[in-house]
Amino acid sequence: MTDIHLHNTLSNRLESLQPLHKGEVRIYSCGPTVYDYAHIGNFRTFVFQDVLRRFLLSRGLRVLQVMNLTDVDDRIIQNAAAAGVSIREYTEKYVQAFFEDMNALHLQPPEETVRATDHIEDMVALISRLQEKDLTYPSEGSIYYRIAKFPDYGKLSKIDLGGMKAGARVDNDRYEKDDARDFALWKAPKPGEHFWETSIGPGRPGWHIECAAMAMKYLGETLDIHTGGIDLAFPHHENEIAESEPATGKPFVKIWLHAEHLIVDGEKMSKSLGNFFTLRDLFAKGSKPSSIRYLLLSVPYRRQLNFTADSLTQAANSVERLRNFASRLKTEQFAAGSHPQIAKRAAKALADFDAGLADDLNTAFSLAAIFDLVRDINTAMDRGEFLQQDAPIVVSALEKFDAILAVLADDDDEKLRDLGFGPQQSRWTPEKIEQLIAERNAAKKRRDFKRSDEIRQELLNSGIIVEDTRDGSVRWKYK
RNA sequence: GGCGCGGUCGCCAAGUGGUAAGGCAUAGGUCUGCAAAACCUUUAUCGGCGGUUCGAUUCCGCCCCGCGCCUCCA
């Protein structure tokens with residue numbers, strides 16, 4: 001198997017993944033800020049992270065992935081105050097919603113999902129270390145990071161802040177800083193605001209310190225991979241580097257991976273443009289979880305993804321093709337025996353699929369490997385060159401593909417129902433369906449096509465598609 | 001202005017110094033009582049202009065266009 005190559009934002013090149021701990025890859029993934037439902041752009045990044053971890057697992061590597069939930073920031077504090085509830089109460093709803101959304105998209109839970117507010121002491125400890133190194137200064141009860149003391153600042157985002165002057169821009173924090181580039185590690189309490197009483201004084205953490213502290217706590221002072229959306233490269237990740245490397249004297253992260261943004265109809269997604277979607281918005285409009293997952297993973301993560309209604313339909317149809325194939329494999333009767341070519345063909349598809357992912361998660365290439373196989377196997381079936389013993393081989397290959405894609409399971413209705421969308425009444429049972437199909441078969445046998453078509457239509461009206469197959473058997477599926 | 005991603009068939013999207021994967025859609029055909037599924041066939045010279053080269057979509061330069069980031073937005 002080829003080495004896994006990933007594009008490191010730090011070096012701006014493809015690098016071979018060499019885990020620090022043999023056989024185990026340690027990943028920190030920036031999760032959502034739980035002040036609202038996560039949106040479809042967030043999930044582009046989360047699906048990318050899921051594909052990464054699933055691919056590593058498929059290689060037999062252990063994965064130790066930590067994802068944070070940012071449950072304290074300005075918006076949360078404001079919204080919680082406006083709602084008259086505690087921060088914890090306010091965020092709990094969105095934390096739960098996030099887990100539900102993850103489940104709907106078949107996102108595997110990371111080994112650890114950690115909350116910022118559960119790690120205040122770890123952040124305080126890290127800030128103390130930075131204080132000892134004289135990298136900080138106090139101002140009006142807050143603690144700031146003095147960027148001038150860290151010469152490597154900017155190495156990740158390649159940003160040049162030299163031209164910026166103190167006071168040149170409006171300070172969003174409205175605190176006094178020595179230099180506009182400096183950022184808050186610890187924020188002084190404001191009247192009426194929730195704060196923590198700590199050894200470095202009362203207040204609440206700044207934005208970036210949570211990730212630096214939690215990443216190192218769970219994964220060690222140097223991690224293999226850190227992931228997030230491209231917008232996080234600056235300032236968030238840049239600041240995490242500034243907070244960790246001078247404190248430990250070690251590189252914080254070996255490989256930084258950043259997912260490009262999702263845009264909608266060619267424009268940045270924003271509430272003011274009215275093109276801002278949560279998963280639930282899409283479910284309410286009839287989209288299936290599998291269509292969304294497929295679309296999000298089908299475009300390689302370093303490419304901007306233009307999300308449109310049309311592309312969602314295309315994704316749904318692509319998934320349908322794969323599912324039809326899986327269904328054919330399992331239901332069609334084949335003659336006894338085996339064709340040695342089939343096993344070879346499946347092995348090649350698996351190798352190509354893997355090679356695509358190993359090349360910086362080139363999912364588009366990997367999908368092509370699958371569709372090539374689908375066409376070749378369908379052709380072999382049509383020609384009678386596909387036999388009984390071949391089926392399990394191809395079924396197994398599909399399972400391996402789907403261990404990463406996770407779109408083959410016909411569970412969209414179930415996932416939607418879990419969230420209160422889609423058809424609420426349960427579908428017809430297989431027994432009832434089989435019974436009607438038997439009736440239809442009898443009608444067909446006596447060439448009563450009027451009756452047989454009636455039954456087919458009746459089933460269709462209830463969301464069941466009936467297909468006659470070449471070998472005379474009848475296959476059905478939920479619409 | 002700086003940094004970054006991109007401009008390949010109607011749409012989505014790989015890829016290579018020697019004339020371009022795959023998916024969706026379209027059209028015709030095969031199969032079918034009909035349909036569906038499946039299969040076959042069909043649709044591109046790769047934003048523009050120069051340069052390097054025997055040869056460039058693929059390398060270099062310039063230009064045009066789209067999108068993003070440049071302090072709390074994945």
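The chains referred to below are lettered A, B, ... by the order of the sequence lines, with proteins before strands, and numbering in each begins at 1. Everything numeric in this text was worked out from a predicted model, so none of it was measured.
- Ring-to-base geometry places A:H261 in a stacked arrangement with B:A74 (centre distance under 5.5 Å, plane angle under 30°).
- Contacts of A:T308 with the nucleic acid, taken as non-hydrogen atoms under 4.0 Å apart, are absent.
- Salt-bridge check for A:R146 with A:D179: failed, with every basic side-chain N at 4.0 Å or more from each acidic carboxylate O.
- Using a cutoff of 4.0 Å between basic side-chain nitrogens and carboxylate oxygens, A:R280 and A:D101 are scored as salt-bridged.
- In summary, A:R440 and A:D468 engage in a salt bridge, as defined by a charged side-chain N under 4.0 Å from a carboxylate O.
- Nucleic acid contact class of A:S157 (heavy atoms, under 4.0 Å, all strands): sugar-phosphate only.
- In the set B:C24, B:G4, B:A35, B:C24 carries the atom at the smallest distance from any side-chain atom of A:N317.
- B:G10 is paired with B:C24 under the criterion used here, namely a Watson-Crick or G-U wobble arrangement in which both key atom distances are under 3.5 Å.
- A:K155 is listed as a side-chain neighbour of A:I241, based on a closest heavy-atom distance under 4.5 Å.
- The partner of B:A37 is absent, by the rule that a Watson-Crick or G-U pair needs both atom distances under 3.5 Å.
- At the heavy-atom level, A:P32 lies nowhere under 4.0 Å from the strands shown.
- If you take atom C1' in B:C69 and the same atom in B:C63, they sit 24 Å apart, rounded to whole Å.
- Counting non-hydrogen atoms under 4.0 angstrom, A:L262 reaches a base of the nucleic acid.
- With B:G33, B:G6, B:C12 as the choices, the nucleotide that has an atom nearest any side-chain atom of A:R447 turns out to be B:G33.
- Within the structure, a side-chain polar atom (N or O) of A:K268 is placed less than 4.0 Å from OP1 or OP2 of B:C69.
- With centroids closer than 5.5 Å and planes inclined by less than 30 degrees as the test, A:F449 and the base of B:G33 pass as a stacked pair.
- Taking atom CG of A:L305 as the reference point, atom C1' of B:G66 lies 15 Å away to the nearest angstrom.
- Looking at the side chain of A:R440, the nearest of the listed nucleotides B:C34, B:C67, B:A74 is B:C34.
- In this structure, A:A364 reaches the bases: a heavy-atom distance under 4.0 Å links it to at least one base atom across the strands shown.
- Dense packing is recorded around CZ of A:R446, with more than 12 heavy atoms of other residues, nucleotides or ligands lying under 6.0 Å away.
- Relative to the side chain of A:D231, the nucleotides B:A14, B:A36, B:C73 differ in distance, and B:C73 lies closest.
- Under the Watson-Crick or G-U wobble criterion, with both distances below 3.5 Å, B:C59 is paired with B:G51.
- One can place OH of A:Y294 at 15 Å from P of B:C12, the figure rounded to the nearest angstrom.
- Ion pairing of A:D352 with A:K348 is present here, as a side-chain N (NZ or NE/NH1/NH2) and a carboxylate O approach within less than 4.0 Å.
- Within 4.0 Å of A:G228, counting heavy atoms only, lie sugar-phosphate atoms of the nucleic acid but no base atom.
- A salt bridge links A:D382 with A:R328: at least one charged nitrogen is closer than 4.0 Å to a carboxylate oxygen.
- Across all strands, A:V299 comes closer than 4.0 Å only to sugar-phosphate atoms, never to a base (heavy-atom distances).
- A salt bridge links A:R375 and A:D372; the closest N-O separation between the charged side-chain nitrogens and carboxylate oxygens is under 4.0 Å.
- Across all strands shown, A:G266 has heavy atoms under 4.0 Å from sugar-phosphate atoms exclusively, and none from any base.
- A:H39 comes within 4.0 angstrom of a nucleotide base, judged by non-hydrogen atoms across all strands.
- With both pairing distances under 3.5 Å, B:U32 is matched to nothing as a Watson-Crick or G-U wobble pair.
- B:G4 is paired with B:C67 under the criterion used here, namely a Watson-Crick or G-U wobble arrangement in which both key atom distances are under 3.5 Å.
- Taking only distance into account, the side chain of A:Q314 meets the base of B:G23 through a donor-acceptor pair shorter than 3.5 Å.
- With B:A74, B:U8, B:U71 as the choices, the nucleotide that has an atom nearest any side-chain atom of A:R181 turns out to be B:U71.
- A distance of about 46 Å separates the P atoms of B:C59 and B:U30, rounded to the whole Å.
- Salt bridge absent: A:E320 and A:R323 never bring a charged side-chain N and a carboxylate O closer than 4.0 Å.
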For nucleotides 37-40 of chain B, list the nitrogen or oxygen atoms of the protein found under 3.5 Å from its nitrogen or oxygen atoms, one pair per line.
{"from": "B:A37", "atom 1": "O3'", "to": "A:N324", "atom 2": "ND2", "distance (Å)": "3.4"}
{"from": "B:A38", "atom 1": "O3'", "to": "A:N378", "atom 2": "ND2", "distance (Å)": "3.0"}
{"from": "B:A38", "atom 1": "O2'", "to": "A:R328", "atom 2": "NH1", "distance (Å)": "3.4"}
{"from": "B:A38", "atom 1": "O2'", "to": "A:D382", "atom 2": "OD1", "distance (Å)": "3.4"}
{"from": "B:A38", "atom 1": "O2'", "to": "A:D382", "atom 2": "OD2", "distance (Å)": "2.7"}
{"from": "B:C39", "atom 1": "OP1", "to": "A:R321", "atom 2": "NH2", "distance (Å)": "3.2"}
{"from": "B:C39", "atom 1": "OP1", "to": "A:N378", "atom 2": "ND2", "distance (Å)": "3.4"}
{"from": "B:C39", "atom 1": "OP2", "to": "A:R321", "atom 2": "NH1", "distance (Å)": "3.2"}
{"from": "B:C39", "atom 1": "O4'", "to": "A:D382", "atom 2": "OD2", "distance (Å)": "2.9"}
{"from": "B:C39", "atom 1": "O3'", "to": "A:T379", "atom 2": "OG1", "distance (Å)": "3.2"}

